[in-house]
Amino acid sequence: MNIRKMKRNKILALILLFSFILSAAGCGTNDNYQYGKGLHQLDLMEKADTDSLSGSNSDNSSSSDSNNEETQQDDSNSTIEYADTENQEFEDYINEVFKKAVTQDSLSYNNTIKDGSKYGIEPPKATLGDAKMDKATIEAQKKEFQEDYDKLLSFESAALTEEERFIYESLKADKEIESVALENVYLNEPFSPMRGFQANIATNLTDYRFDDKSDVEDYVTMVAQMRDYVDEALKFEYEKSEAGYFMSDKTADTVIKQCDEFTAEGENHFLIESFDERIDQLTFLSDKEKEDFKKRDKEAVLNSAIPAFQDIKKTLQELKGTGKNELGICNYEGGRDYYSGYLFPFYSGSSKTCNEEITVMESRQQNLVLQLSAVYYANPDAYKSFTDNYNTLQSDYDKMSATELLDYFMENVMDEYPELSSIPYKANYLDKHMEKIMDQVLAYYMSPPIDDKENNLIYVNGAHTDGMWTTLSHEGCPGHMYQNTFFQSTNPKPIRAIQGNLGYMEGWAVYASYKTLSKCDFGGSEYAQQYAQLYKINEDLGYLLYGRIDLGVNFEGWNLDDVKKYLETSGYSSDGAEEIMGVVIGDPGLYLSYTTGYYEMEELRNYAEQELGSKFDEKEYHKAILTAGPCQYKELRTVVDKYIEENK
């Protein structure tokens with residue numbers, strides 16, 4: 001699975017650090033100062049009708065939020081008894097779910113499994129999947145979903161082992177969230193700037209493993225299918241347009257630019273060059289076979305892949321202007337419920353309501369400013385040195401290769417985590433062509449197939465080599481690579497491989513990356529302790545900025561003036577408002593994996609420490625969290641409760 005460390009607007013490092021001190025004294029010492037004053041005024045919009053800025057009737061939303069909370073409380077109070085032996089019918093069910101998920105397309109299969117025969121699975125016929133989204137297909141999907149959900153619920157009262165019960169509850173939580181997505185499929189965007197097909201197919205293809213000749217054959221076949229696949233998906237864009245759900249013009253312009261970048265090289269296309277380089281390294285192909293595959297791949301790129309992106313551009317140019325909403329997703333009919341019921345929990349992993357999370361963020365923002373102010377007043381020289389030298393404070397680490405820095409982390413920052421015998425990995429730099437196409441990605445971790453655990457891969461965007469400490473501690477150790485490697489070392493059931501909850505994974509990676517800062521010596525500086533604090537605050541505020549604006553734009557209905565007001569009353573320049581707003585409109589909810597995901601991870605840590613006091617053991621706590629693996633935070637709370645009970 002690709003887990004990406006995304007680039008944020010330069011506003012974070014350049015404007016935040018130099019402007020925040022101007023407001024820090026007032027925020028930290030003036031009891032009458034209303035931090036984020038403009039945002040509190042916007043709360044009044046929640047009472048407006050569907051024609052207002054919020055785009056939704058909040059009375060219904062509030063009622064729904066209340067019901068969710070009651071349900072969660074009832075579930076948490078129930079007493080569960082576990083079976084001593086596995087339930088074979090349930091085991092058959094989850095194995096079938098796994099099989100179905102990994103064989104729906106060749107990319108999913110290749111990414112998850114190396115040898116399907118170990119799981120009784122035949123590789124799927126080479127396919128990118130089914131892109132059809134016509135009404136008949138959607139109705140069939142809904143029917144299939146309901147049948148599968150009903151089958152899952154049939155195990156509600158069944159005798160299950162503790163592991164099986166955890167899997168059941170996790171699957172049920174995922175299904176409940178997924179059901180909201182099916183209620184209004186027109187709110188799904190197959191071509192969004194960061195989640196869309198055009199943004200990810202390049203890395204999906206360049207990361208595709210060639211274990212044998214059949215893999216190469218399947219790859220070339222899939223490239224040749226790209227135009228037909230995309231053209232089928234584009235039919236859905238026409239339906240969305242007719243129904244009033246087409247993307248904003250600015251989002252369309254962003255995607256059109258991506259298409260131009262993909263098609264610019266022509267016969268020198270990076271997909272051709274990268275394929276040729278990879279083929280030359282394969283020992284199981286003869287020279288004749290290599291030349292034949294190279295010829296077929298080039299034809300497929302020129303006659304299918306490039307035309308597919310040209311078709312995307314042409315369609316979006318044609319449909320531009322038909323969209324009825326240039327603001328957040330809540331301004332579409334049903335959009336607010338879709339965001340709060342699907343996007344928010346899907347990306348954050350949190351069972352909080354959006355209003356509850358807004359309260360968390362606003363309180364946290366005030367807290368961070370107070371922390372920033374405290375560092376400043378305690379040691380103004382350290383603060384000034386930090387802001388004056390921000391871009392060079394970690395330059396010694398930025399000069400290290402990715403492998404050198406990852407090895408350094410393994411040796412120097414892992415004392416608080418359960419030990420692993422080894423973490424085999426390779427760290428590669430993106431191809432120069434890919435650097436531009438993936439400009440918004442600093443690095444990403446590619447987990448190995450579940451039956452080939454030795455091949456962890458980390459890719460680094462060489463165009464962005466500053467800030468590598470936080471980037472590689474996030475992607476590598478103790479972040480994503482360590483988390484996945486440890487979880488796989490517990491030999492989880494295959495079904496867990498397709499439960500990649502982003503809130504958990506990004507929450508862990510942010511949490512773990514922040515913890516490494518206390519181990520950074522910043523070139524032996526006397527201010528290393530203060531630098532570590534300030535780096536953490538700066539990163540935290542940066543993620544919070546995007547998360548809060550995401551909620552403001554997509555749940556509360558903020559317009560550009562509201563975003564500017566939020567930035568200005570928070571001590572930022574508003575110069576980046578339009579760019580940030582474009583990001584959260586194009587891919588609503590995406591940054592919540594980093595913000596809310598981390599807050600939930602931190603909240604559980606604080607809860608466990610408070611309950612156990614001196615009996616809290618950091619390494620054992622981390623072991624409990626990591627053994628649980630990716631899941632919704634509601635399920636992870638049960639794991640933490642068990643850890644607390646066993647260690648009181």
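The structure displayed is predicted, hence computed values, not measured ones. Scope of the values below: all heavy atoms of this structure, side chains included, with no hydrogens, waters or symmetry mates.
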I'd like to know if the side chain of [X] reaches the main chain of [Y], judged simply by a donor and an acceptor atom lying under 3.5 Å from each other, with no hydrogens or angles considered.
| X | Y | value |
| --- | --- | --- |
| S304 | M226 | yes |
| D212 | D215 | yes |
| K151 | Y93 | no |
| Y633 | G597 | yes |
| Y425 | I458 | no |
| S170 | F166 | yes |
| S593 | Y347 | yes |
| Y342 | E183 | no |
| N484 | S447 | no |
| S179 | E176 | yes |

So for atom [atom1], which belongs to [X], do other residues, nucleotides or ligands contribute more than 12 heavy atoms lying within a distance under 6.0 Å?
| X | atom1 | value |
| --- | --- | --- |
| D84 | CG | no |
| K142 | NZ | yes |
| K426 | NZ | no |
| K290 | NZ | yes |
| K132 | NZ | no |

For this session: Test T403 against L406 for side-chain contact (heavy atoms from CB on, under 4.5 Å), laying out the working first.
Result: CA-CA 5 Å; T403 300; L406 286 165; 5.8 Å; no
Do [X] and [Y] make a side-chain contact, defined as non-hydrogen atoms from C-beta onward lying under 4.5 Å apart?
| X | Y | answer |
| --- | --- | --- |
| F284 | D211 | no |
| Q88 | D92 | yes |
| H269 | L302 | no |
| Y511 | I625 | no |
| V460 | L472 | yes |
| F344 | N554 | no |
| N501 | C631 | no |
| E475 | L442 | no |

Check this for me, if you would: do [X] and [Y] make a salt bridge, where the nitrogen-to-carboxylate-oxygen distance has to be below 4.0 angstrom?
| X | Y | answer |
| --- | --- | --- |
| K493 | E86 | yes |
| K298 | D276 | no |
| R296 | E217 | yes |
| K172 | E156 | yes |
| D311 | R227 | yes |
| E291 | K288 | no |
| K135 | E239 | no |
| K634 | E169 | no |
| D641 | R637 | yes |

Problem set entry | Proximity of Y219 and F275 rings by center, below 6.0 Å |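 Here the rings of F275 and Y219 have centres that are less than 6.0 Å from each other.
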For this session: Measure centre to centre between the rings of Y332 and Y186, then say whether the value is under 6.0 Å.
Result: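 Judged by ring-centre distance (under 6.0 Å), Y332 and Y186 do not meet the cut-off.
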[X] to [Y] - nearest heavy-atom pair and separation:
| X | Y | value |
| --- | --- | --- |
| D550 | G589 | OD2-N, 2.9 Å |
| E289 | L285 | OE1-CA, 3.4 Å |
| V640 | A608 | CG1-CB, 4.1 Å |
| F236 | P190 | CD2-CG, 3.8 Å |
| L626 | F487 | O-CD1, 3.6 Å |
| V639 | A624 | CG1-O, 3.6 Å |

Under 3.5 Å side-chain donor-acceptor pair for [X] and [Y]:
| X | Y | value |
| --- | --- | --- |
| Y168 | N87 | no |
| E237 | T315 | no |
| S350 | E600 | yes |
| Y119 | D451 | no |
| Y109 | D218 | no |
| E91 | N95 | no |

Can you measure from [atom1] ([X]) to [atom2] ([Y]) and round to the nearest 0.5 angstrom?
| X | Y | atom1 | atom2 | result |
| --- | --- | --- | --- | --- |
| T485 | Y482 | OG1 | OH | 9.5 Å |
| Q198 | Q258 | CD | CD | 4.5 Å |
| I94 | Q499 | CD1 | CD | 9.0 Å |
| D297 | E299 | CG | CD | 9.5 Å |
| Q225 | L128 | CD | CG | 5.0 Å |
| L153 | K175 | CG | NZ | 10.0 Å |

Exercise. Just one of Q141, E139, E147 clears the side chain to side chain contact (heavy atoms under 4.5 Å, CB included) bar with K143, so which one?
Worked result: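 When Q141, E139, E147 are each tested with K143, the side chain to side chain contact (heavy atoms under 4.5 Å, CB included) holds only for E147.
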Problem set entry | Derivation and outcome, salt bridge (charged side-chain N to carboxylate O under 4.0 Å, His left out), residues R165 and E635 | CA-CA 10 Å; R165 178 59 61 182; E635 275 59 61; over 6 Å; no
Exercise. Who passes ring-ring contact (aromatic ring centres under 6.0 Å, His included) against Y599, sequence neighbours left out?
Worked result: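 With sequence neighbours excluded, Y599 shows a ring-ring contact (aromatic ring centres under 6.0 Å, His included) to no residue whatsoever.
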Exercise. Are Y229 and F197 close enough, and set up right, to give a ring-ring contact (aromatic ring centres under 6.0 Å, His included), and what steps lead you there?
Worked result: CA-CA 10 Å; Y229 178 90; F197 172 89; 5.3 Å; yes
Would you call the rings of [X] and [Y] parallel, tilted or perpendicular if under 30° counts as parallel and over 60° as perpendicular?
| X | Y | value |
| --- | --- | --- |
| F145 | Y149 | parallel |
| H480 | Y445 | parallel |
| Y459 | Y444 | parallel |

